[in-house]
Amino acid sequence: MNLLLAMVAAFLWGTTYAVTQYSLDGWPPLLLGALRALPAGLLLLALRPRLPQGRQWVTLAVIGTLNIAVFFGLIFVMALTLPSAISGVGMVSVPVFAMIYHLLVYRVRPAAVQVLSGLALVGLAWCLFDPGSLSLNPIGLAAMLGAILCIVVGSGLTKSLGGRVHWWTVLSWQLVIGGVLLSGAAAVDAFWHPEHYQAVLDGFSLRNGLGLAWVILLNTALAYGLYVWLLQRMTVVEFTFGGIANPIAGIVTGLILVNEQYSPGQYALMAGMILMSLCPQLWTLWKQRRQRVIPQ
């Protein structure tokens with residue numbers, strides 16, 4: 001059941017890119033980030049009010065800044081500058097960066113299968129993102145790299161709070177803190193570029209409203225609620241399996257909502273990246289089951 005819920009959360013996140021392009025195209029990324037985070041955080045806080053205690057404020061401020069303010073801003077830059085399928089599939093390279101991060105910071109040496117899968121992922125990504133076959137915005141690619149780093153570092157910080165801070169407190173306050181920071185950044189951006197925000201107000205439509213409702217209620221309040229709750233109940237291996245729904249959602253919603261289409265070779269590269277991202281987890285599960293079967 002936990003794995004199914006992880007797939008639901010990952011699928012909802014994977015719809016971010018296409019839903020943004022379809023219903024909120026042209027909106028400033030900082031405004032989108034603020035509108036996604038702050039209403040969802042306040043809604044969750046109203047449903048179950050909880051106040052952090054003492055030094056918990058400092059930790060939650062760091063997590064809210066990294067997981068929400070910076071990450072959401074980068075995600076919407078990606079959503080507005082990269083194709084939906086490319087954004088979703090590109091994010092499956094998180095394990096490669098996580099492997100490098102843990103090696104450099106915690107001196108944890110990766111297993112051989114992780115190294116081989118990582119090298120295969122890099123090779124497939126190199127082919128998929130080849131400028132000669134696919135034109136991609138370098139700003140969007142830089143945002144993708146930044147978002148991946150936010151996931152790697154932020155997930156570790158979030159998981160480290162397990163047992164010390166109630167998961168609902170982590171969930172609601174990181175959204176509120178991140179939303180407030182994004183709102184301030186959007187206000188500064190609006191001061192310097194008022195025409196972008198005036199265009200949003202003048203052209204607001206039912207499609208915009210439905211897109212915002214999806215992003216705030218399902219994509220954030222529900223999906224992030226599942227994410228923080230599941231991090232206290234699942235191993236990283238198990239949760240990564242659920243993440244396969246993210247690129248699939250990006251590919252499917254990109255095709256349905258914004259008519260993104262690729263060559264059979266490009267779809268094959270996407271499938272290869274998804275499978276390579278799962279190889280270390282499949283190997284780990286196979287070893288665990290084998291150890292249980294072999295008598296000690």
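The structure places OG1 of Thr59 at 12.0 Å from CD of Gln174, a figure rounded to the nearest 0.5 Å. Taking CD of Glu260 as the reference point, atom OG of Ser84 lies at 5.0 Å (rounded to 0.5 Å).
Residue Val70 is found in a hydrophobic cluster whose other members, listed by chain and number, are Leu74; membership requires side-chain heavy atoms under 4.5 Å apart, directly or through intermediates.
Residues passing the side-chain contact (heavy atoms from CB on, under 4.5 Å) test with Leu42, sequence neighbours excluded: Leu38, Val176. Partners of Ile139 by side-chain contact (heavy atoms from CB on, under 4.5 Å), not counting sequence neighbours, listed by chain and number: Val77, Asn137. With sequence neighbours excluded, the residues that form a side-chain contact (heavy atoms from CB on, under 4.5 Å) with Asn208 are Leu24, Trp27, Phe204, Ser205. Here Gln261 pairs with Leu255, Asn259 under the side-chain contact (heavy atoms from CB on, under 4.5 Å) rule; sequence neighbours left out.
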Less than 3.5 Å apart, which donor and acceptor atoms pair up between the side chains of residues 95-115 and the rest of the protein, not counting sequence neighbours?
from, atom 1, to, atom 2, distance (Å)
His102, ND1, Ala98, O, 2.8
Gln114, OE1, Ala111, N, 2.7

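Residue Leu66 comes nearest to Gly154 through the heavy atom pair CD2-N, 3.7 Å, listed as atom of the first residue, atom of the second, then distance.
The backbone N or O of Leu12 sits less than 3.5 Å from a side-chain atom of Thr15, completing a donor-acceptor pair. Formation of a donor-acceptor pair under 3.5 Å by the Trp13 side chain with backbone atoms of Asn246 is not found in this model. Thr220 contributes a side-chain N or O that, together with a main-chain N or O of Val215, makes up a donor-acceptor pair within less than 3.5 Å.
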Next item on the list: Take Tyr224 and Ser172 through the test side-chain hydrogen bond (donor to acceptor under 3.5 Å, both in side chains) and record every step on the way to the result.
Entry: CA-CA 9 Å; Tyr224 263 84; Ser172 55; over 6 Å; no
